[in-house]
Chemist: 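Supplied in structure tokens, the structure appears directly below.
Reckoned from all heavy atoms, side chains included, excluding hydrogens, waters and symmetry mates. Labels below follow one simple rule: chain letters A, B, ... track the order of the sequence lines, proteins then strands, and each chain is numbered from 1.
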Number of protein chains: 2
Amino acid sequence: MWGDCTMELDARKRKVLEAIVIDYIATAEPVGSRTIARKYDLGVSPATIRNEMADLEEMGLIEQPHTSAGRVPSDAGYRYYVDCLMEKTAIAQEAKTLIEKSFQTKIKQLEDLIQLSLKILSQMTSYTSLVLAPQFGKSTLQLIQLMFVEPGKALIVVVTDSGRIENRIVDIPESVTKTDLEIVSKVLNDKFKGLPVKDWEKAILKEVRAQLVKQHKVLSLALELINTLLNEETDDKVYLAGALNILNQPEFKDISKVKNIFQLLENEDVVCSMLKDESEDGIQVKIGHENKHESIKECSIITATYKLEGRILGTIGLLGPTRMQYSQAMSILEFLTETLSLAIKRL
Amino acid sequence: MWGDCTMELDARKRKVLEAIVIDYIATAEPVGSRTIARKYDLGVSPATIRNEMADLEEMGLIEQPHTSAGRVPSDAGYRYYVDCLMEKTAIAQEAKTLIEKSFQTKIKQLEDLIQLSLKILSQMTSYTSLVLAPQFGKSTLQLIQLMFVEPGKALIVVVTDSGRIENRIVDIPESVTKTDLEIVSKVLNDKFKGLPVKDWEKAILKEVRAQLVKQHKVLSLALELINTLLNEETDDKVYLAGALNILNQPEFKDISKVKNIFQLLENEDVVCSMLKDESEDGIQVKIGHENKHESIKECSIITATYKLEGRILGTIGLLGPTRMQYSQAMSILEFLTETLSLAIKRL
DNA sequence: CGTTAGCACTCATTAAAGGAGAGTGCTAAC
DNA sequence: GTTAGCACTCTCCTTTAATGAGTGCTAACG
């Protein structure tokens, strides 16, 4: 979408830009011509590099915090780096085994698996990790059960194929008996098993109502409950881990910035929109101003999707400063989502 | 436990101390003798107040950040204030109605009720609110059910009288059928309903095993599952809200302090120990160094318990700087826990 | 013509120095 | 016992100066 690597940049300019990005990512300090000449041997003098830098600045790929400082990559510079310069490093073998080992657990709950992924991610990368859990509506039903708790109160449990479990305690008429609930459960199960949750509403009226003349009251109740479940905000569920990692980044030593970011992250809807945005396949990177929300204009987000049998279940992402270890983070994220997808399959 | 108001303090010293505490809580600035004389009319000159302050400092109730600054209450000073000086203000009527209105909702889940309380608390006080959810082990069983999901997989759901719901997906032998699970569910329900969860282990071996010779395999499985459920760390569950409020306090503009506190709060066990400590009845206040954990030595915690039919279910608390609006916070917390207890009863 | 050395210039950062102000402790008088 | 007066201390803020990193420009070089 972004990267047209056709932008006329001769080999040396590319090398200079790369050096600036790499060095700035590593040190968080503006990098000067001298540094580049010394550390990255381009075989030319600082003066030559200065000329190149002037050009790069004019093209908008780097910028100067102030007159007598070195250069810093602009968002466009990072973008060019990510799309055209960065070689996609294979994930380190040790990281690979670390992830694989972590997933050798007998976790049975989807939620726990997701939490585990987040933990691993933020620990390995030192960035904040986010995830959009499998959407309820898109999954298919594996089990639905109404249970009698006490007169006037029932428990409804729904399990989807993606392993998500939802439960609610609900009021029912005092007259409804255990048996009523069991019958309704059975019918609902028979009819809906394997059906995408969001298709229920259509199916409900036609098929089921006919079959359950007897438990009519109970049924309409159950339907109402299911509707509640469906319509609740609960459909998009996000989790995050390692938010405190943000505090380690030198660019966020200012407390007000941190506060803004945290406030954003506290808002589920916002996090959701950040992740949902690009639920295409493959790894996506949003750099700085490419993000919608003001507070993270100095951050980048890398996202990837995890799947079950080819179907995209949700998105998992990493949030860090624009000065982020893109290559490393991307390879870790990629491998982790693959591993996660496999683990979900095994559930 | 702390407050022996017998400490010899004449009326004027008490007034001076009170003035210092109140003013410092309000302004976060060290308060000088002049300020006290002006704002709180004790009918004496600054010089006299200075003398009194020298005495108070010697007693360890106030201290000086540096030679030419005003005085600040010490932890002991706050303690004396809370125990002996502060008049227990009745909660403001508007706050009262605000809380009551917030609880006029048809929430059916204990967890949601607790979350609601946290939200209200942190919004009303601008402090961080914490809660220790009802312990699983101490509650009594209301419903236990094993459900067949697919061959080799079952769902176990447990509901306690305090409204807590736990569920797990578990592996079962392929041979186990739906009917097996239903029978086991029935027996478990009959035997355990109304029993405190933590008493199960004792009861299990004797009573149940005898009855279920047929489903012996299934049963031992079920027992195993239940054990897992019981032994999991999940028993002490904490929630918190409004952690970001900490960032608004002037004493925490230093990012490293904030980081330490957040790290503490991120650790469930720690938060748990902070709340569990005093699960006595009534409102408890821990001031500054009275807290075990280093990172919150500049904070105070106010805790109260919420109940169901006289039995203490859990603890709810407020975390703020030692320079905290004790009186207001305590009255709000007190009224809120009462309201919460009532709401739980209505569940 | 591209490259480079040289140099003047800019600007952030740091340290030192000099008030200004707030508040105290002490002393002496009431 | 209380209070006015005053010297003293220490933080905070501002000013000033020095340092140093890095640049842009120009002129010379191959």
Chemist: Can you list every pair that meets salt bridge (Lys or Arg N to Asp or Glu O under 4.0 Å) and has a residue in residues 323-337 of chain B, with sequence neighbours left out?
Modeler: B/K88-B/E334, B/E251-B/R323
Chemist: Starting at NE2 of A/H66 and ending at C1' of C/dC9, how long is that distance when rounded to a whole Å?
Modeler: 14 Å
Chemist: Protein within reach of the bases, or only the backbone? For nucleotides 13-30 of chain D, mark each nucleotide 5' to 3' as B, S or -, using heavy atoms under 4.0 Å.
Modeler: --------BSBB------
Chemist: Where are the stems of DNA chain C, defined as at least 3 consecutive Watson-Crick or wobble G-U pairs with both distances under 3.5 Å?
Modeler: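 The stems that DNA chain C takes part in, listed by first number, are C:1-30 with D:1-30.
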Chemist: Got a sec, which residues hit salt bridge (charged side-chain N to carboxylate O under 4.0 Å, His left out) with B/D75, two or more places apart in sequence or on another chain?
Modeler: none
Chemist: Tell me, which pairs form a salt bridge (Lys or Arg N to Asp or Glu O under 4.0 Å) where one or both residues lie in residues 41-54 of chain A, sequence neighbours left out?
Modeler: A/R12-A/E52, A/K13-A/E52
Chemist: Using the test salt bridge (charged side-chain N to carboxylate O under 4.0 Å, His left out), find all partners of A/K39 that sit at least two apart in sequence or belong to another chain.
Modeler: A/D23
Chemist: Show me the pairs that pass side-chain hydrogen bond (donor to acceptor under 3.5 Å, both in side chains) and involve residues 58-74 of chain B, at least two apart or across chains.
Modeler: B/E57-B/R71
Chemist: Taking the minimum atom-to-atom distance to the side chain of B/S45, which one of D/dT2, D/dA4, C/dT4 wins?
Modeler: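 Out of D/dT2, D/dA4, C/dT4, the nucleotide with an atom closest to B/S45's side chain is D/dA4.
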Chemist: When you compare the side chain of A/L336 with that of A/M124, does any pair of heavy atoms fall below 4.5 Å?
Modeler: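 Answer no - side chains too far apart.
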Chemist: Can you tell me the distance, in whole Å, between the CD atom of B/E63 and the P atom of D/dC10?
Modeler: 17 Å
Chemist: In whole angstrom, what separates B/I49's CD1 from C/dG23's P?
Modeler: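 The distance from CD1 of B/I49 to P of C/dG23 comes to 13 Å, rounded to the nearest Å.
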Chemist: A/K257: what forms a salt bridge (charged side-chain N to carboxylate O under 4.0 Å, His left out) with it, not counting sequence neighbours?
Modeler: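 By the salt bridge (charged side-chain N to carboxylate O under 4.0 Å, His left out) rule, A/K257 matches A/E298.
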Chemist: Sorted by first residue and then second, give each salt bridge (Lys or Arg N to Asp or Glu O under 4.0 Å) pair with at least one member in residues 26-36 of chain B; sequence neighbours left out.
Modeler: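 Non-adjacent pairs meeting salt bridge (Lys or Arg N to Asp or Glu O under 4.0 Å): zero.
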